[in-house]
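To start, the structure under review is shown below, and the notes come after it.
Every value quoted in this text rests on a predicted model; they were computed, and no experiment measured them. In what follows, every chain begins at residue 1, and chains take the letters A, B, ... in the order their sequences are listed.
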Amino acid sequence: MSELHLEWQWLDAGEALDLNELSRACEMSAAELNELIEYGALSPLDPNQPELVFAAQCIAPLRTAGKLRRDYDLDLFTVVLMLDYLHRIETLEEQLRSVRARDS
Amino acid sequence: MKYKDYYAALDVPRDADLEQIKKAYRKLARQHHPDVSKAPDAEARFKDAAEAYATLKNPEKRAAYDELGRQPAGAEFSPPPQWRNEHDAGAESFENMDLADLLAAMGRQHGGAQHSSMPMHGRDFEDTVHISLADAHRGTTLSLNLRDGEGERTLEVSIPPGVMSGQKLRLRGKGDKGRNGGADGDIYLHIALKPDPVFRADRHDLYFDLALTPWEASLGAEIEVPTLDAPVMLTVPAGSRSGRKLRLRGRGLANSRGDRGDLYATVRIDVAATLSARERELYQELAGISTFNPRLASAKEKPHE
């Protein structure tokens, strides 16, 4: 019988992680993540704190945009644009699920 | 070692410049990307293009590759002796290496930034799992089939109660093994809920259609309705119109905080397709005495601008 794994981290607003953890999770360097912050595409929970902390819900879109960047050999600014569109897609998908549930 | 024709893989001439190579790669990557193409060989073709591009976009690796000359794809060949000297693996592993791995290793050594003995994180595993509403509510156990450098393995994972559609979960350190002391990869799961024959989920709230007869909707009724647990009696108030939502508080899906969403019954008034003589008589009597006109009522509520 194999071991059963229970230690899930929920990638939502309730979980937080620091810059190093985010860098590891998104396969992007700290310098690249800082550049995304400068572009306004990534926001730490409290920008005034010396140690930057992020909500875990930013991991999934960052991973998706980072993978597309690697797959197509794109520059970092494309990640900024993709993050905006990924956020809009997620919001619209959630609204669609909600409308379908309520009005089907 | 087998020769691979990277120029043919990208369909570019051997004297193509970097722009031509990049353009050819992006075109193929777009065509065969697993997110875009559903062809069974899409992933393999995408990987072939990516492997060719990884070498040809790097001037140093491209020069080393060009040293091999032009050979038929798949032909056995021996790399130049200096490659062996530059590579730190033993003679046996050198002969068994794949051309792409060898070129990648050379790139790391020449680049200096990523030496082959540097700690490397294990590869992450990412997948979407489709689970039923009941499993999302109560939690469930899944078997994930993971394919990594060591072959295929099965990992039993327990999905906690309270997940919803669109939820993302991470299981640390259970992906591919790290190398040279690097951390093991993680597992990322995207949750999708399978369509349910009765309920529709909006985050942790559930909706279902409650079919009522005209007299149940008009007079009110006690109706047995389904829930995720056991059926319960729902009081339908008199005068319940079609589309009205009746809430059963705390009968929706569990959430991660241990609370539950609500269950909504959406009223749908239905009529019999055929009527008995007596039923027709009663309806005709009602039609004769009723002053209710739903067209007038809805026109008052929703005036046209």
query: If only atom types and distance count, is the side chain of A:Asp75 paired as donor or acceptor with the main-chain N or O of A:Thr78 below 3.5 Å?
result: yes
Pair B:Asp202 + A:Arg102, salt bridge at N-O below 4.0 Å: yes
message: More than 12 heavy atoms of other residues, nucleotides or ligands under 6.0 Å from NZ of A:Lys67: yes or no?
response: yes
- prompt: Where do A:Pro44 and A:Ile37 come nearest, in terms of heavy atoms and distance?
  reply: CD-CG2, 4.2 Å
- request: Measure A:Ala25 against the heavy atoms of chain B and call it side chain, backbone, both or neither at under 4.5 Å.
  value: both
- request: Sort A:Glu15 into side chain, backbone, both or neither according to what part of it lies under 4.5 angstrom from a heavy atom of chain B.
  value: neither
- prompt: Less than 6.0 Å separating the ring centroids of B:Tyr65 and B:Tyr6?
  reply: yes
field: Short N-O contact, A:Arg69 and A:Glu27, less than 4.0 angstrom
entry: no
field: Which portion of B:Arg203 sits near chain A, non-hydrogen atoms under 4.5 angstrom
entry: side chain
message: What part of B:Phe208 gets within 4.5 angstrom of chain A, counting heavy atoms only: side chain, backbone, both, or neither?
response: neither
field: Ion pair B:Asp186/B:Arg172, N-O distance below 4.0 Å
entry: no
- line: Okay, B:Tyr264 and chain A: the region with an atom under 4.5 Å from a heavy atom over there is neither
message: Using the rule given for ring pair (Phe, Tyr, Trp, His ring centres under 6.0 Å), can you reason through A:Phe77 versus A:Tyr39, listing the C-alpha separation, both sets of side-chain angles and the distance that settles it, and then say yes or no?
response: CA-CA 8 Å; A:Phe77 187 69; A:Tyr39 281 126; 5.1 Å; yes
message: If I measure from the heavy atoms of chain B, does A:Leu68 come under 4.5 Å with its side chain, its backbone, both, or neither?
response: side chain
statement: chain A shares the most heavy-atom pairs under 4.5 Å, among B:Lys245, B:His190, B:Arg257, with B:Lys245
query: Regarding A:Ser23 and A:Asn20, is there a side-chain donor-to-acceptor distance under 3.5 Å anywhere?
result: no
- prompt: Measuring heavy-atom distances to chain A, does B:Ala201 have an atom under 4.5 Å in its side chain, in its backbone, in both, or in neither?
  reply: backbone
field: Interchain contact, B:Phe199 with chain A, by part (heavy-atom threshold 4.5 Å)
entry: neither
task: With a 4.5 Å cut-off on heavy-atom pairs, point out which of B:Ser143, B:Ser165, B:Ala49 contacts chain A the most.
output: B:Ser165
query: Is B:Arg249 salt-bridged to B:Asp262, going by a charged N under 4.0 Å from an acidic O?
result: no
- request: Let me know if A:Asp12 has heavy atoms under 4.5 Å from chain B in its side chain, its backbone, both or neither.
  value: side chain
Contacting moiety of B:Asp35, where chain A heavy atoms sit under 4.5 Å: side chain
field: Evaluation steps, salt bridge (Lys or Arg N to Asp or Glu O under 4.0 Å), between B:Asp124 and A:Arg63
entry: CA-CA 11 Å; B:Asp124 295 330; A:Arg63 284 178 59 83; 2.8 Å; yes
field: Residues of residues 126-139 of chain B contacting chain A, heavy-atom criterion under 4.5 Å, by residue number
entry: B:Glu126
- request: Identify the heavy atoms of B:Arg244 and B:Ser240 that sit nearest to each other, and give their distance.
  value: NH1-OG, 3.6 Å
